[in-house]
Amino acid sequence: MRKKIVAGNWKMNLDYNEGLGVFSEIINMVKDEVTGTQEAVICSPFIHLHSLVQLAKGYSKVSLGAQNAHQAESGAYTGEISAKMIKSIGAAYVILGHSERRQYFGETNELLAKKTDTALANDLRPIFCIGETLQEREANQYFNIIKSQLVEGVFHLDAAHFSKLVIAYEPVWAIGTGVTASSEQAQEIHAFIRKEIATKYSQEVADNTTILYGGSCNPKNAPELFAQPDIDGGLIGGASLKSRDFVDIVKVFN
Ligand code: PEP
């Protein structure tokens, strides 16, 4: 059975003390209010990560992740953070391929394939983001775009390594815009992604892959989105900065 996951992406928000405050509220609410088997993940800025891992000790349903990692193991890359460093402080996940990294930092499918390999070699679980822009949707190219992001970014992996990934479908036109994909639009793409995984690997691998939806997800629209058969949770940006909203989204699976 695939895991239901709700992951927060704080992006470049919250200073150190604010982050600790929001996270303390989240873990207390998750402890008291969340049942079932799902996992809540917070992907914080690097600055917070070690302290949040310490705070989360003893809360089995809460894990931590980074928002990026370098493709090299180590070396002369001033200002960068390696997968090994992230793993060494006890984080479990790393977001790779977020559309903001693709757009503002020029990250290509080819680079992301390398980042994925390095993250997996260091026992981090990538939350691998794919999704089309508004232009690509309007030009009816979205199936091709999503397929090429999968083929070029992660389909070089063998089944054992691929099984460690979480896939996040994030239509770029829905990120931070307040415009959510309808549950039908999201389900259509999630089913397509699962079919592509089944064709490449096997139905079993596809059935076991957690596929998250991301893009203006909030406590109001999450129940309908998460009720779709191929949507296994969400990657949450803006709403993960408010502890109450984030936990209400996590509770959708109760
Ligand atoms: C994101 O950036 O991953 C995201 C889904 O953002 P938002 O929820 O704010 O649209």
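In what follows, every heavy atom counts, from backbone to side chain, and hydrogens, waters and symmetry copies are set aside. Predicted model, so just to flag it, every value in this text is computed and none were measured. Atoms within a ligand are numbered from 1 in the order they appear, just like the ligands themselves.
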Item to check | Arg125 charged N/C atom sitting above Tyr93 aromatic ring, 6.0 Å / 45° | outcome: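 Ring-cation test returns no.
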
For [X], counting its heavy atoms only, list the atoms of ligand 1 lying under 4.0 Å from any of them.
X	result
Gly238	7 (P), 8 (O), 9 (O)
Gly215	5 (C), 10 (O)
Gly176	7 (P), 9 (O), 10 (O)
Ile175	1 (C), 2 (O), 4 (C), 6 (O), 10 (O)
His98	1 (C), 2 (O), 3 (O)
Gly237	4 (C), 5 (C), 6 (O), 7 (P), 8 (O), 9 (O)

Checklist entry - With a 4.0 Å cut-off on heavy atoms, does Ala239 reach ligand 1? => result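 For ligand 1, residue contact (heavy atoms, under 4.0 Å) with Ala239 is absent.
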
Next on the checklist: Can you tell me if Ala174 contacts ligand 1 (heavy atom of the residue under 4.0 Å from the ligand)?
Outcome noted: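 A heavy atom of Ala174 does come that close to ligand 1.
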
Next on the checklist: Can you confirm if the aromatic rings of Tyr213 and Phe226 lie within a centre distance of less than 6.0 Å?
Outcome noted: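 Between Tyr213 and Phe226, which both carry aromatic rings, the centre distance is not below 6.0 Å.
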
For [X], does the [atom1] atom sit with more than 12 other heavy atoms under 6.0 Å from it, leaving out its own atoms?
X	atom1	answer
Glu224	CD	no
Lys147	NZ	no
Ile47	CD1	no

Item to check | Charged N-O contact under 4.0 Å between Lys61 and Glu39 | outcome: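 A salt bridge is absent here (no side-chain N lies under 4.0 Å from a carboxylate O).
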
Checklist entry - Would Asp123 and Lys84 pass as an ion pair if we require N to O under 4.0 Å? => result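 Here Asp123 does not pair with Lys84 in a salt bridge, since their nearest N and O are not under 4.0 Å apart.
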
Item to check | Nearest protein heavy atom with distance in Å, relative to atom 2 (O) of ligand 1 | outcome: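 Checking every protein heavy atom, the shortest distance to atom 2 (O) of ligand 1 gives Lys11 NZ, 2.5 Å.
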
Checklist entry - Nearest protein heavy atom to atom 5 (C) of ligand 1, by residue and atom, and its distance? => result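 The answer is Glu170 OE2, 3.1 Å.
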
Next on the checklist: side-chain contact (heavy atoms from CB on, under 4.5 Å), that's the test. Do Gln149 and Arg102 meet it? Break it down for me.
Outcome noted: CA-CA 11 Å; Gln149 289 171 336; Arg102 292 176 187 263; 3.9 Å; yes

Checklist entry - Do any nitrogen or oxygen atoms of Thr177 lie less than 3.5 angstrom from nitrogen or oxygen atoms of ligand 1? => result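 No, there is no polar N/O contact under 3.5 Å.
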
